[in-house]
**Student:** 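The structure follows.
Note on naming: letters A, B, ... go to the chains in the order of the sequence lines (proteins, then strands), and numbering restarts at 1 for each one.
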Protein chains: 2
Amino acid sequence: MRVTIHDVARAAGVSVASASRALSGRRKVTPDVAERVNRAATDLGYQPNAVAKALRDQTTGTIGMVVPGIGNPFFTTMVEALERRLQENGRDLLLCSSQYDPLIEARRLETLLSRRVDGLIISPCDIEASAPAVLSAAGRAPLVQVDRYIEAGGTDWVGLDDDAALAQAVEHVAAGGARTVAFIGSRLMNSSARLRLSGFQLAVDRAGLETVAPLLGEFTHEWGMQAGRLLLGGDRMPDAVVCGNDEIAIGLLRALRLGGVRVPQEVAVVGIDDVGHAAMCDPPLTTVAQPVDEMATEAVRVLEQVRLGERRPVQRIAIAPRLVVRETSRRTEE
Amino acid sequence: MRVTIHDVARAAGVSVASASRALSGRRKVTPDVAERVNRAATDLGYQPNAVAKALRDQTTGTIGMVVPGIGNPFFTTMVEALERRLQENGRDLLLCSSQYDPLIEARRLETLLSRRVDGLIISPCDIEASAPAVLSAAGRAPLVQVDRYIEAGGTDWVGLDDDAALAQAVEHVAAGGARTVAFIGSRLMNSSARLRLSGFQLAVDRAGLETVAPLLGEFTHEWGMQAGRLLLGGDRMPDAVVCGNDEIAIGLLRALRLGGVRVPQEVAVVGIDDVGHAAMCDPPLTTVAQPVDEMATEAVRVLEQVRLGERRPVQRIAIAPRLVVRETSRRTEE
DNA sequence: TTGAAAGCGCTAACAC
DNA sequence: GTGTTAGCGCTTTCAA
């Protein structure tokens, strides 16, 4: 049988209350008692039972997180940053993947809630289908959305300023001399897909550039490659292609290489995210970086502020992106 | 206040015992009671408290996992496979990253144990420094090592048959005509690094190939690139380079590209793992795939078999790899 | 079949 | 400063 605080108390010759006090150190005990209890605890190899403590305290010290998939390196980076931030606050991260399925997502949220996590961080996989589960969860625990969000309002969010990101990407290729620019993104089932497309269109209009119908598929390199082949098969290459994320851009680069199109001489390519592989592909990818650490910090801050049932203004924090110029785009002529 | 089983019982006009029985459905109750209890539960929006259940049942339905880092796509794939497998068994995965630090690793294990996970899956970051914490954890909960393992024996393990993997890689490049072959791997702080190096040397000897001193750094593309530059600066390029994992190979490919060395014409490159990006780099990477799903299945099976304190033979399951030939290696002349 | 009650391990009143 | 005890929410004896 496992050793409990009762065993420690008995071994130290004190009551469980004293043992508890000595162990937590949050209440006064005589040095003698503290000494005996601590010795007994180490002697017996006492391990406090977090489950019992959680039941008693009504708090678990755990934050639950649901992401669409950990195959996407952006989410991985985000998770790592969040895990570090939370650990500084003495909390643990309970991570789940929804596998891009709103049903699984809803189930994971329920599980997390039944495990009484102290808060929830979620990147909803579908802007519409995820809404009921997310809203219901938000009513039962502090919740903050990260990166993606659901359409229905009223829930806090921390993410990228997509308009600014797309503006940076478009202005950069325009400054490099591009006149026609294409967009390869994701089907509009999530907020990132929508925001990035509309940000792109806005920026293109403002810059007075020419564009073609956007190519919309998935945020994967497979789709990037496929879209690249579509472009290759078209009438005429655009001067530049802006991609909805780096994965797409990496796939596109491969398709262009295969098609014998030189980057950036014949066409410039820009991604979004700045995942690790962006610097490794050929040529290294110019991209708009998401300040992941900053986002993690903000997300945790918002989460700690939320007190359930308390009326407060909804926070929507859009973080400014940062253009990282590598070699898939021509520099501005000076 | 949250609704508890007491509220449900009261609303249904029965005792908590009956409510519990009706809700779990594992014990006989009259249809009438079942009906009333279930209606009350849905009416009130009852959510069972998993913490209380865990305290009572002494089981949480949760498996804890500690990986060195989720930045490495191999671990990501592994985690996803494991998560799916566990979900089929109705268990949840509590994922932690040790960030390649044995101290953090030990702390995460303690946390997981105090949260009373039903089992532990770990890929220890250091073959020596991880040992005390892993052994101690193994004494307190069913534990299985995946991929990497600690030197001290006595603990179950599921992973790749590294000797076979390296043999496949070496024999493949030999069949393609290579006479001299280099190895770029990781410093020998973990079992994968050691096994892959020794597997390489064994295979090279057996094949009668020539080799040079292995280049040992980290399992990252940064190191792959750096090692590539070292190779470029040397006297003479080997006919083939076998890499300790795909990340290294991807970095190497980039260095070779920069150095103007053509792959596979001038030098063949082979990786290990078969991560998603392996098919996207330039040229697409020939690699030895780890059968991740099979490993996940085995790991879960072993974990469920372990009954604490029960003496049973240690299981060490090495799974056969599968060579995936892409374009960084010349095919066998036929 | 149902209800009362014990108890999982812990902490915080409360009383001394 | 210390001990006794209630109670967090649940399931499962044990009696009826």
**Student:** Please report, to 0.1 Å, the donor-acceptor pairs under 3.5 Å made by any side chain of residues 143-150 of chain B, with sequence neighbours excluded.
**Tutor:**
{"unit_1": "Gln145(B)", "atom_1": "OE1", "unit_2": "Ile150(B)", "atom_2": "N", "d": "2.8"}

**Student:** More than 12 non-hydrogen atoms from neighbouring residues, nucleotides or ligands closer than 6.0 Å to CZ on Arg27(A), yes or no?
**Tutor:** no

**Student:** Considering just the side-chain nitrogens and oxygens of Gln58(A), establish if one lies under 4.0 Å of OP1 or OP2 belonging to dT11(C).
**Tutor:** no

**Student:** So, using side-chain contact (heavy atoms from CB on, under 4.5 Å) as the criterion, who are the partners of Pro291(B) when residues are at least two apart?
**Tutor:** Leu160(B), Glu294(B), Met295(B), Ile319(B)

**Student:** Show me the donor-acceptor pairs within less than 3.5 Å that the side chains of residues 36-46 of chain A make with the rest of the protein, sequence neighbours left out.
**Tutor:**
{"unit_1": "Arg36(A)", "atom_1": "NE", "unit_2": "Ala12(A)", "atom_2": "O", "d": "3.0"}
{"unit_1": "Arg36(A)", "atom_1": "NH1", "unit_2": "Asp32(A)", "atom_2": "OD2", "d": "2.5"}
{"unit_1": "Arg36(A)", "atom_1": "NH2", "unit_2": "Ala12(A)", "atom_2": "O", "d": "3.0"}
{"unit_1": "Asn38(A)", "atom_1": "ND2", "unit_2": "Ala34(A)", "atom_2": "O", "d": "2.9"}
{"unit_1": "Arg39(A)", "atom_1": "NH2", "unit_2": "Glu35(A)", "atom_2": "OE2", "d": "2.8"}
{"unit_1": "Thr42(A)", "atom_1": "OG1", "unit_2": "Asn38(A)", "atom_2": "O", "d": "3.1"}
{"unit_1": "Thr42(A)", "atom_1": "OG1", "unit_2": "Arg39(A)", "atom_2": "O", "d": "2.9"}

**Student:** Could you tell me, to 10°, how much the axis swings from one end of the helix from dT1(C)-dA16(D) to dC16(C)-dG1(D) to the other, five pairs per end?
**Tutor:** 50°

**Student:** Could you check Glu110(B) against Glu105(B) for side chain to side chain contact (heavy atoms under 4.5 Å, CB included), going step by step and ending with a plain yes or no?
**Tutor:** CA-CA 9 Å; Glu110(B) 286 307 318; Glu105(B) 186 175 67; over 6 Å; no

**Student:** Applying salt bridge (charged side-chain N to carboxylate O under 4.0 Å, His left out), name anything that partners Asp101(B), two or more places apart in sequence or on another chain.
**Tutor:** none

**Student:** Take atom CG of Leu55(B) and atom P of dC8(C), then tell me their distance rounded to the nearest Å.
**Tutor:** 9 Å

**Student:** Would you call Arg194(A) and Glu151(A) a side-chain contact if the rule is heavy atoms closer than 4.5 Å?
**Tutor:** yes

**Student:** Counting only side-chain N and O atoms of Ser20(A), is one of them less than 4.0 Å from OP1 or OP2 of dT11(C)?
**Tutor:** yes

**Student:** Below 3.5 Å between N/O atoms, which protein atoms pair up with nucleotides 1-5 of chain D? Just atom names and distances, please.
**Tutor:**
{"unit_1": "dT2(D)", "atom_1": "OP1", "unit_2": "Thr30(A)", "atom_2": "OG1", "d": "2.5"}
{"unit_1": "dT2(D)", "atom_1": "OP2", "unit_2": "Thr30(A)", "atom_2": "N", "d": "2.9"}
{"unit_1": "dG3(D)", "atom_1": "OP2", "unit_2": "Ser15(A)", "atom_2": "N", "d": "3.1"}
{"unit_1": "dG3(D)", "atom_1": "OP2", "unit_2": "Ser15(A)", "atom_2": "OG", "d": "3.1"}
{"unit_1": "dG3(D)", "atom_1": "OP2", "unit_2": "Ser18(A)", "atom_2": "OG", "d": "2.7"}
{"unit_1": "dG3(D)", "atom_1": "N7", "unit_2": "Arg21(A)", "atom_2": "NH2", "d": "2.5"}
{"unit_1": "dG3(D)", "atom_1": "O6", "unit_2": "Arg21(A)", "atom_2": "NH1", "d": "3.1"}
{"unit_1": "dG3(D)", "atom_1": "O6", "unit_2": "Arg21(A)", "atom_2": "NH2", "d": "3.4"}

**Student:** Could you tell me the separation between the CZ atom of Arg27(A) and the C1' atom of dT11(C), rounded to a whole number of Å?
**Tutor:** 9 Å

